[in-house]
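Data block below; observations after.
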Amino acid sequence: MRILFLLFAILPIIEIAILVKVGGIIGGWNTIALVIITAFIGAYMVRREGLQTLQKAQAKMQQNELPGSEMVQGLMLVVAGVLLVTPGFMTDIIGMLFVFPGSRHFIAGHISKHMKTRVVAGAGFGGQGPFEQPQSPFSQKTDDKDGDVYEGQYTDKTDSDKNNRLH
């Protein structure tokens with residue numbers, strides 16, 4: 001919750017202050033040109049890195065491996081694209097950190113580790129994990145140690161009693 005507050009309240013104020021300061025040093029038009037140039041360079045880099053990440057993910061899927069790291073990096077590239085197109089120098093710096101492969105791999109590793117910790121902690125003690133489907137009361141598992149499967153038929157007497165009364 002605090003991070004969202006920082007992103008939506010404080011970051012725009014910092015961005016405006018930096019833009020005004022840089023505009024006072026290099027001029028308003030030069031600042032606007034610099035923001036537009038960083039947006040174009042960032043969009044190009046996000047596209048290039050995104051295609052490479054997509055190719056790596058497809059290669060892993062062809063080898064029947066889960067492309068978990070590539071999925072996190074792809075999400076980071078989407079966020080980087082949004083940050084780089086947003087006018088401002090702070091968002092451009094954060095976006096570039098997400099685009100450059102070295103820093104992206106480092107950050108993605110920490111995000112993956114954090115996500116694994118949360119998933120494992122959430123699924124502990126036999127509870128239902130965040131990615132598990134709720135179990136139906138009709139599909140309860142038995143403690144049959146032999147693995148035998150028993151089939152059978154049943155008739156719902158409550159429905160037949162109602163049908164008999166109506167006729």
Side-chain angles (χ1 to χ4, degrees), residues 1-137 139-141:
M1 190 70 152
R2 294 178 187 168
I3 293 174
L4 289 177
F5 175 73
L6 291 174
L7 286 175
F8 292 115
I10 296 176
L11 188 63
I13 295 169
I14 294 171
E15 288 287 6
I16 291 170
I18 292 173
L19 286 170
V20 168
K21 187 74 168 176
V22 171
I25 294 172
I26 65 172
W29 290 110
N30 290 336
T31 303
I32 292 172
L34 190 59
V35 167
I36 292 172
I37 289 170
T38 58
F40 279 115
I41 292 172
Y44 169 76
M45 291 179 70
V46 166
R47 181 172 184 252
R48 187 188 71 194
E49 293 296 322
L51 289 173
Q52 288 178 356
T53 303
L54 178 63
Q55 289 172 349
K56 288 178 186 175
Q58 287 176 340
K60 275 193 171 181
M61 286 190 294
Q62 287 176 352
Q63 297 172 354
N64 291 330
E65 295 179 21
L66 183 66
S69 175
E70 286 76 13
M71 290 170 50
V72 172
Q73 290 182 32
L75 182 62
M76 288 177 65
L77 287 169
V78 169
V79 171
V82 170
L83 290 173
L84 288 167
V85 174
T86 303
F89 295 114
M90 287 288 293
T91 54
D92 288 346
I93 290 170
I94 296 169
M96 288 295 184
L97 285 174
F98 284 7
V99 170
F100 290 132
S103 59
R104 186 177 68 240
H105 293 301
F106 179 75
I107 295 170
H110 284 291
I111 291 173
S112 296
K113 186 189 311 180
H114 179 70
M115 288 173 60
K116 286 177 187 174
T117 303
R118 291 192 63 160
V119 169
V120 170
F125 302 112
Q128 191 168 321
F131 300 114
E132 294 178 17
Q133 294 292 329
Q135 288 188 353
S136 167
S139 65
Q140 294 185 4
K141 297 180 181 176

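Computed from a predicted structure; not experimentally measured.
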For the residue pair E49 and Q73, establish whether any side-chain heavy-atom pair is separated by less than 4.5 Å. no
L84 to G42 - nearest heavy-atom pair and separation: CD1-CA, 3.4 Å
State, to 0.1 Å, how close G88 and E15 come at their nearest heavy-atom pair, and which atoms those are. CA-OE1, 2.9 Å
Identified salt bridge (Lys or Arg N to Asp or Glu O under 4.0 Å) counterpart of E70 within the set K60, K56, R104: K60
Side chains of T31 and F89: does their closest heavy-atom pair fall under 4.5 Å? yes
I want to check something: taking the side chain as every heavy atom from C-beta on, are P67 and M61 in contact at a cut-off of under 4.5 Å? yes
Do L11 and T91 make a side-chain contact, defined as non-hydrogen atoms from C-beta onward lying under 4.5 Å apart? yes
Given the options I18, V20, L19, I13, I16 meets side chain to side chain contact (heavy atoms under 4.5 Å, CB included) only with V20
Would you mind reporting whether L75 and M71 have side-chain heavy atoms less than 4.5 Å apart? no
Minimum heavy-atom separation for V46 to L77, with atom names? CG1-O, 3.6 Å
Looking at CD1 of I37 and CG of N30, how far apart are the two atoms once the value is rounded to the nearest 0.5 Å? 9.0 Å
Inspect the surroundings of CZ in R48 and state if more than 12 heavy atoms from other residues, nucleotides or ligands are less than 6.0 Å away. yes
Contact summary for A80 and G95, nearest pair of heavy atoms: CB-O, 3.5 Å
Do I10 and F5 touch side chain to side chain, with heavy atoms closer than 4.5 Å? yes
What's the separation between atom CD1 in I94 and atom CG in L83, rounded to the nearest 0.5 Å? 6.0 Å
Least distance between heavy atoms, I107 atom then L97 atom: CD1-O, 4.4 Å
